[in-house]
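Only one structure is covered here, and it is reproduced in the block below.
Side chains are part of it too, since the values below use all heavy atoms of this structure and drop only hydrogens, waters and symmetry mates. Sequence lines set the chain letters: A, B, ... in the order given, protein chains first and strands last, and positions in each chain run from 1.
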Number of protein chains: 2
Amino acid sequence: MKTTVGDWTESFLGTRNLPRRVRDKLLHEARVVSYKQGQQVFGPDNIPDSLMFLHVGRIRVSQSSDAGREIVLYRVEAGESCVLTTACMLSEEAYNAEGIAETDVTAITLPRTSFDRLAAEEDSFRGFVFSAYSRRLIDLLRVVDDVAFGRMDVRLAERLLALGEGHSEIQATHQALANELGTAREVVSRILNDFQKRGLILQTRGRITLQNKPQLERLANSA
Amino acid sequence: MKTTVGDWTESFLGTRNLPRRVRDKLLHEARVVSYKQGQQVFGPDNIPDSLMFLHVGRIRVSQSSDAGREIVLYRVEAGESCVLTTACMLSEEAYNAEGIAETDVTAITLPRTSFDRLAAEEDSFRGFVFSAYSRRLIDLLRVVDDVAFGRMDVRLAERLLALGEGHSEIQATHQALANELGTAREVVSRILNDFQKRGLILQTRGRITLQNKPQLERLANSA
DNA sequence: TACTCTTCAGTGACAATGTCACTTAACGCA
DNA sequence: TGCGTTAAGTGACATTGTCACTGAAGAGTA
């Protein structure tokens, strides 16, 4: 997973449709950072002082409770920006979300001063950042809606369908699914066993096979 | 609740520490809007195409479910900006949050083009908007944390203390408190009755008296 | 005062979810 | 093959959500 500078800036900035001028400015001040899969990219004890643009890979942003439960807030994909770190940088407030590299990750970081200047000088850059903020706000609205009003079986069905998109085999432990949804492993186990009894899925250790996607979809859309 | 232009711009822009130059620009392009207490300021069927700055009053931003339950996401106070509308304006995505005027409200709105230009030209304005976004992100993190991991009695105790700050009399129906917390009236009733049995509060129709704040605080901080 | 209406709160049964303290099963590997 | 580790199952119980009601308090009115 090695890339040259010319390589990644092409692909990264290409996807964003930023003009060459902006790209060059970014390049001039940015630094490249890499993380291995599973590494923490940021967290309560590790608040970065720069803005991050993800080039390769995926970051899972989640929040965890004192009791050890966890819920996934959203994922940052290649070509997107992780504004949460920026938010904290700007608002100086504490938060207990963390970002974990779900794959090997390459990103570029922009120091705050450069960020400020680029935001001032380049419309396209500023628009990019604003819309990144907006998307995350909307993401979080969705999470609140799900957690506050959604049924767990429905949410789990949604998650399974998302994970099994294109195929029907999912590699995930009950614990991992619980961490996605912010619930306890036992709850996931109960619901999955129910799904299995109903013929919707098939389970073996660490693996789930979707047997009846249409039915799962009906369930997922029933709320 | 009538104010002259000179009046409200003084106080509004004063609190934000925006320079006079920025104030004048804002003034030039902004329009003043007012809402009566209880009116909807924005909602799913009513997405504004401009950025809003609250001058007088308070807006309650909440999300509601199909089943009729409701949860308060945050409140916009005088001097703050309501970025959720901006977020939707920018991201063009659907959402089901709405803003209700909790008091009579006066705000100024800035058309999108003016917003863009001001963001480009004025550092202080841009910083204001970024930090408004940041604050809301953090607010929502808190909501997610509460809803996903918090106990209802703890959250209710917190809410009671917040509402009873400075005094000890709260005017609120069980239903209203349920809507704050995203739960059902019956749940609030149960917990409040328990609080009363324990001597923490006293209830009459539509009114709650806090009898033992220290104990309530202990409860509120016990998670 | 007594009657009616409306809103607010209480109740009991049950379902869904969360918690706890375990046990059992599957796999990786020496 | 046995061992240690991780994944999953289990039953009891607490908390929270839902439903269909009943009862109670206050506002207005005759």
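Proximity of a side-chain donor or acceptor of B:Arg155 to a complementary backbone N or O of B:Leu181 within less than 3.5 Å is detected. Between the side chain of B:Arg126 and the main chain of B:Ala119, a donor-acceptor pair closer than 3.5 Å is present. Looking only at distances, a side-chain donor or acceptor of A:Asn193 sits under 3.5 Å from a matching main-chain atom of A:Ser189. Side-chain N or O atoms of B:Arg69 include one that pairs as donor or acceptor with a backbone N or O of B:Gly182 at under 3.5 Å. Looking at A:Gln171, its side chain never comes within 3.5 Å of a backbone N or O of A:Arg207 through a donor-acceptor pair. Looking only at distances, no side-chain donor or acceptor of B:Asn179 sits under 3.5 Å from a matching main-chain atom of B:Ile71.
Of the residues in residues 189-211 of chain A, A:Arg190, A:Arg205 come within less than 4.0 Å of DNA chain C through at least one heavy atom, sorted by number. Applying a 4.0 Å cut-off to non-hydrogen atoms, none of the residues of residues 68-75 of chain B approaches DNA chain C.
A salt bridge (charged side-chain N to carboxylate O under 4.0 Å, His left out) with A:Asp139 holds for exactly one of A:Arg136, A:Arg135, A:Arg142; it is A:Arg136.
Bounding nucleotides for the chain B contact on DNA chain D, 5' to 3', at a heavy-atom distance below 4.0 Å, are D:dT15 to D:dG26.
Judged by closest nucleotide on DNA chain D, A:His174 is the one of A:His174 and B:Arg185 placed further toward the 5' end.
Here A:Arg75 pairs with A:Glu180 in a salt bridge; the nearest charged N to carboxylate O distance falls below 4.0 Å.
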